[in-house]
Amino acid sequence: MDPEREPAIASARAALLSFYDAHRRAMPWRESQDPYAIWVSEVMLQQTRVETVIPFYERFLRRFATVTALAQADEADVLALWAGLGYYRRARLLHAGAKAVVARHEGKVPSDVTALKALPGVGAYTAGAIASIAFGLREPVLDGNVERVLSRWIALEGDPMAPAQRKVLWALAGRFADNPRPGDTNQALMELGATRCLPANPQCLLCPFAKSCAALALGTPERFPEKPKKAPPRTERWVAYVMCDPRGFWLGPAPSTLDRWTGMLLPPMVRLDADQAPEEIALAGMIRQEPLGTVTHILTHARMQITVFLATDLKESARPLVGEWVAPGELDARAIPKVTRVILAQAQEAMRKISSASARTKDSIRERKGRAIKGSSSASST
DNA sequence: CACGCGTGGTC
DNA sequence: TGACCAAGCGT
């Protein structure tokens, strides 16, 4: 890095820390000095907004107060507390990381970035965050916020994800972190990116970097960093079989073709081939009854079109599917992802219509009245 | 190393 | 309202 830039960095950093001291938002993990608590927060915050994380963080730390407690927990219980937060692999990796800390480090979270990065689920960013915030080490972080803030500050051209740009940004972040308050400096850069140096409509008038920002001097701060194009989401067609009886809903582990929800509970589901109709699918051990409708569930890279059928099982001895009955009131305590809630909500809605249409019939369906399940994905009855 | 990964908020 | 995006990681 150009040594001439050093005074500019010192000056910008001072303005940054003043901004942070005046405007830092309250967050529960900022009340803690426990490296384990910081670690949990950093993993939850990966690709996830602060406001979303807060209730999950508080519940998680109440339940698993120490790294040892987490290491000893069942994965299903860890995933149950993660349910609704998304990116469930994070929870499995955090769990594995806790076990590694117990096995390798006598249950104490290590402070050096090399040991941290060797833990499952801890990459360059999270290692730097733990080292600087929890241990006060002069280690940088580079997340999406810091990337944007620093790219604008120096008007960095080119793809910020490319190796050359990465190297420049990490080195610059390292200069910022190299001061007596590395944890605050790193959090200040992220706070600035999250509240002022926004992707669109940056609030440059309120920015502590305004005097020295190269992108602002060019008059086009929004042009930085360069944004790579994203592939449009593909469409996946699925069928889901909802089985219910007085014991609840039949839910089981995700099929091997659906590893995005590994460890989570889903109704029996099958992905359709391009030329397959939903009615062509026959799931072993089950009798399809009625098509209840379709739901669309949007993910980052895929759009799932799910045709929902009501089904009944054959004799229990003939049912080959792994799973269990989960009562409606028990759903919140289990590892139930959003997509399962959407499917069950659609089924409940459709069955409510069916039962009210045939009100005189003593349909067993009517006994199936769980509390309403929230769901924002679009649904339509057939 | 380009890609896949969940969900909810924002404009 | 749909497109964009958010304190990344592993493969």
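Here is the naming used below: chain letters follow the sequence lines, and residue numbers restart at 1 for every chain. Bear in mind that the values here come from a model prediction, so they are computed numbers and not experimental data.
Look at E147(A) and R152(A) and you find no salt bridge, because none of the NZ, NE, NH1 or NH2 atoms lies under 4.0 Å from a carboxylate O.
Backbone-only engagement by R148(A) is indicated by non-hydrogen atom pairs under 4.0 Å involving sugar-phosphate atoms exclusively. No contact: R166(A) has no heavy atom under 4.0 Å from any strand. A231(A) comes within contact range of no nucleotide atom at all, as no heavy-atom separation falls under 4.0 Å.
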Next item on the list: Walk me through it: do R62(A) and E58(A) pass the test salt bridge (Lys or Arg N to Asp or Glu O under 4.0 Å)?
Entry: CA-CA 6 Å; R62(A) 271 200 306 275; E58(A) 293 187 319; 5.3 Å; no
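A donor-acceptor contact under 3.5 angstrom links the side-chain atoms of T300(A) to the base of dG6(B). Remark: the T48(A) side chain and the dG6(B) base include a donor-acceptor N/O pair separated by less than 3.5 Å. Looking at R89(A), its side chain comes within 3.5 Å of the base of dC9(C) through a donor and an acceptor atom.
Minimum atom distance to the side chain of E191(A) is reached by dA7(C), of the listed dT7(B), dG10(C), dA7(C). Here the nucleotide nearest the side chain of T126(A), chosen from dC9(C), dA7(C), dG4(B), is dC9(C). Checked against dG8(B), dC5(B), dC5(C), the side chain of K338(A) finds its nearest nucleotide in dG8(B). When each of dG10(C), dC5(B), dC4(C) is scored by its nearest atom to the side-chain atoms of K230(A), the top-ranked nucleotide is dC4(C). Out of dA7(C), dG6(B), dG8(B), the shortest distance to the side chain of R25(A) is found at dA7(C). Distance from the side chain of Q46(A) is smallest for dC9(C) among the nucleotides dC9(C), dC5(C), dG6(B). For H297(A), the side-chain atoms get nearest to dT7(B) when compared with the rest of dT7(B), dG9(B), dA7(C).
Across every strand in view, dC1(B) sits unpaired, with no contact that passes the Watson-Crick or G-U test at under 3.5 angstrom.
In this structure, H301(A) forms an aromatic stack with the base of dC5(B), since both conditions hold: centre separation below 5.5 Å and plane angle below 30°.
Residues K117(A) and G193(A) both approach DNA chain C. Their nearest nucleotides, taken by heavy-atom distance, put G193(A) toward the 5′ side.
Under the 30°/60° scheme for interplanar angles, the aromatic rings of W153(A) and F209(A) are found to be tilted. Using the six-membered ring where Trp is involved, H23(A) and F19(A) have ring planes that are tilted, between 30° and 60° apart.
Atom CD of Q33(A) is surrounded by 12 or fewer heavy atoms from other residues, nucleotides or ligands within 6.0 Å.
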